[in-house]
Amino acid sequence: MAKIKERWYQKDAVDAFAQFVSTHPAGHNPLIVMPTGTGKSVVIASIIKWARQWQENKVLVLTHVSELVKQNGLKLAAVYPEAVIGYCSAGLGLRDTKHNIIFGTVQTVYSILKRNKHAFGERCLVIIDECHLLSEKSSSQYRTVLRTLSEICPAMRVCGLSATPYRAKGILLTEQKDPIFTDVAYDLTSHFTKLIEEGYLSPLVTLKTPVSINLEGVHIRGGEFKDDELQRAVGNEQLLSEACNIMVREGRDRKAWLVFVSGIKNTETVKRMLETRGVVVRSVNSSHEQSENDAAIADFRAGRVRCLVSANQLTTGFDVPQVDMIGMLRPTMSVSLHVQSLGRGTRPAVGKTDCLVLDFARNVERLGPINAPVLKGPSAPRDMQLLQDRPKTKFCDHCGSEIPISSRSCPICGYQPPQDLDLEDLASVDVIAYSQHLPHVKGASVANVVSMISSAHRSVKGADCVRVYLGCRQGQKSFKAWLYLCFDAGSRSLAKQAAADMWRKLRGLEPVPKNTMAALQRVHELKQPKEVELLRANLKRHYDVLVTAYY
């Protein structure tokens, strides 16, 4: 295998690791955060090579699947050809415990240590790939392995690598109870745009789909949607049929599709629907024999199959660079699952310009873009807080792509809308009129609405509500306006009645949501008005915003 040359950021990551362990005492363990497709295995290999200065260079690299074990070992052979490598993975049929450098699965290493805690001797460094799988539970396999090895070598260091250094609820690994990792030593995510510009990552293009999954009645338990209720919501055959029509239409020039669906039954339904539309498709799920799944993936890699449909698989450790379309029919509250799923499309490939994301699940609206996802710390215990704090996105007026709301120009098509005026020039942030009125009220100023985004918000009085952001334009002037819908007030309160009235004005479906959480799950129903009317509210140039009936 040809020797690999480190990229600038891979070298920076190794330097950051070296600096960290040189300046922090034992017991401090670093995280290295790198987006999917940026070459974590090269960084792992380079860290092992750097660690030669440590006595005997006794290193153990752990992950959860045999495929990654083999992949990481091959990269080390390319970066550090002199290294003598051992493997400890039942999936590979190997259980080496003696080599100084061992790549293994946590399951196999755990089973060996249960029988003999001295089997691997003193390990000065343990590297964990895909470390977001490390649970808080003290009885988990990873924690049991680390606890056992640290008893043998108290000065042992642990280094974790992941594109998603947080658990399902969005809590950083450094904020876990009894955290293994104490600090983020290097985070490449902040250079996401630069990585795209330099060709190291492929851009994601998220288009707003005309249909989406209705999550009303789907409850959240343990930080995630209840699986049985979610599968029923996703299993609406009319929705799935319309989604398949959209995927076939939008994907006509796309070569390799991944479709994520909630539930094995729904996976097979989508597979059947795509087949009837002429798509060469296979399903990958736990109801199949492993050999059948492996064969489907091999055919997909070789280009003999255009689409793979998956339920709870192919989100990590699945690296097929040519993936250029992702159909998302798997709503989630898990930040890690969300980012890992999108990451399947960020690897560059010959002839690939971008990866199209059709987000029927509205995960991007709920959990943020891949390079700025929502995180949730111990000080924010409520699911509502997760929604409230998320980065907001908007849709490009020119190409329809979903982009960060802070973008002055569209990173996809380059369109740059007229520069916003100060909000105070034309619209008030907190004074909104909900009363019924006739179109074109005397004294009103009419503005066109060019964009609309709905999100969670907490008022200054602590009330949870839905905030509807309206991007407006009058001639060459652009400005912002907000509508606030509070459904958590008393049933007879003016605020709740006003929220219900505005819900209907924005063409939300009946019945009106009973509470704010239900409204947030149904914001996809709201229709963007064509115009709004602005009425001067006071002498400070604040204006009330009146939604008219023009669509």
Side-chain angles (χ1 to χ4, degrees), residues 36 64-65 67 130 132-133 164 168 209 211-215 218-244 246-248 251 256-277 279-301 305-320 323 325-345 355 357-364 366-367:
T36 300
H64 62 296
V65 291
E67 180 65 26
E130 306 291 1
H132 57 275
L133 297 175
T164 53
T209 58
V211 298
S212 61
I213 298 164
N214 184 356
L215 294 175
V218 179
H219 296 89
I220 297 172
R221 179 172 296 173
E224 180 59 293
F225 294 118
K226 287 188 65 179
D227 192 53
D228 55 340
E229 295 177 353
L230 182 62
Q231 290 187 36
R232 283 196 296 271
V234 173
N236 181 303
E237 292 228 356
Q238 181 179 352
L239 163 74
L240 293 180
S241 179
E242 292 179 9
C244 287
I246 293 168
M247 285 189 282
V248 170
W257 311 355
L258 279 186
V259 181
F260 296 105
V261 188
S262 176
I264 292 174
K265 180 181 177 182
N266 294 332
T267 298
E268 296 303 317
T269 299
V270 171
K271 172 180 175 289
R272 172 176 50 80
M273 288 181 173
L274 289 174
E275 281 179 331
T276 62
R277 289 161 173 80
V279 179
V280 181
V281 55
R282 300 285 186 274
S283 61
V284 176
N285 58 60
S286 58
S287 69
H288 300 324
E289 295 290 335
Q290 187 59 46
S291 58
E292 185 178 352
N293 286 336
D294 290 344
I297 293 171
D299 286 342
F300 183 71
R301 288 184 190 276
V305 169
R306 191 178 196 184
C307 175
L308 290 182
V309 185
S310 171
N312 295 327
Q313 295 192 29
L314 308 183
T315 55
T316 58
F318 177 76
D319 300 329
V320 181
V323 170
M325 189 176 87
I326 295 174
M328 186 56 65
L329 285 158
R330 204 291 188 203
T332 183
M333 292 292 288
S334 166
V335 182
S336 179
L337 178 60
H338 167 57
V339 173
Q340 289 286 350
S341 298
L342 292 179
R344 300 313 103 195
C355 178
V357 179
L358 298 174
D359 189 10
F360 303 99
R362 297 295 188 259
N363 287 336
V364 175
R366 185 182 307 113
L367 300 173

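Since this is a predicted model, take the numbers as computed values, not measurements.
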Partner set under salt bridge (charged side-chain N to carboxylate O under 4.0 Å, His left out) for Asp299, not counting sequence neighbours: Arg304
Any residue meeting side-chain contact (heavy atoms from CB on, under 4.5 Å) with Val211, in chain and number order, not counting sequence neighbours: Leu239, Glu242, Ile246, Phe360
Quick one: list whatever passes side-chain hydrogen bond (donor to acceptor under 3.5 Å, both in side chains) with Arg232, sequence neighbours left out. none
Partner residues of Thr332 under the side-chain hydrogen bond (donor to acceptor under 3.5 Å, both in side chains) criterion, sequence neighbours left out: Glu224
Test salt bridge (charged side-chain N to carboxylate O under 4.0 Å, His left out) applied to Glu229 - qualifying residues, sequence neighbours left out: Lys226
If only side-chain N and O atoms count, and only distance matters, is there a donor-acceptor pair under 3.5 Å linking Gln340 with Thr164? yes
Does atom CD of Gln238 have more than 12 heavy-atom neighbours, drawn from other residues, nucleotides or ligands, at distances under 6.0 Å? no
Can you name the residues that form a side-chain contact (heavy atoms from CB on, under 4.5 Å) with Glu275, not counting sequence neighbours? Lys271, Val281
Only counting residues at least two apart or in another chain, list the ones meeting salt bridge (charged side-chain N to carboxylate O under 4.0 Å, His left out) with Arg362. Glu365
Check: Val259 and Ser310 side chains under 4.5 Å, non-hydrogen atoms: no
The criterion is side-chain contact (heavy atoms from CB on, under 4.5 Å); which residues satisfy it with Ala361, sequence neighbours excluded? Ile213, Met328, Pro331, Asp359, Asn363
Side chain proximity check, Leu358 to Met325, heavy atoms < 4.5 angstrom: yes
With sequence neighbours excluded, give me every salt bridge (Lys or Arg N to Asp or Glu O under 4.0 Å) pair touching residues 283-293. none
Does any part of the side chain of Phe225, heavy atoms only, come nearer than 4.5 Å to the side chain of Leu215, both counted from C-beta? yes
Excluding sequence neighbours, so at least two apart, what forms salt bridge (charged side-chain N to carboxylate O under 4.0 Å, His left out) with Lys265? none
With sequence neighbours left out, write down each residue that passes side-chain hydrogen bond (donor to acceptor under 3.5 Å, both in side chains) with Asn293, or none if nothing qualifies. none
Is there a donor-acceptor contact under 3.5 Å linking the side chains of Arg272 and Thr267? no
Under the side-chain contact (heavy atoms from CB on, under 4.5 Å) rule, collect the residues that match up with Asn214, sequence neighbours excluded. Glu216, Arg522, His524, Glu525
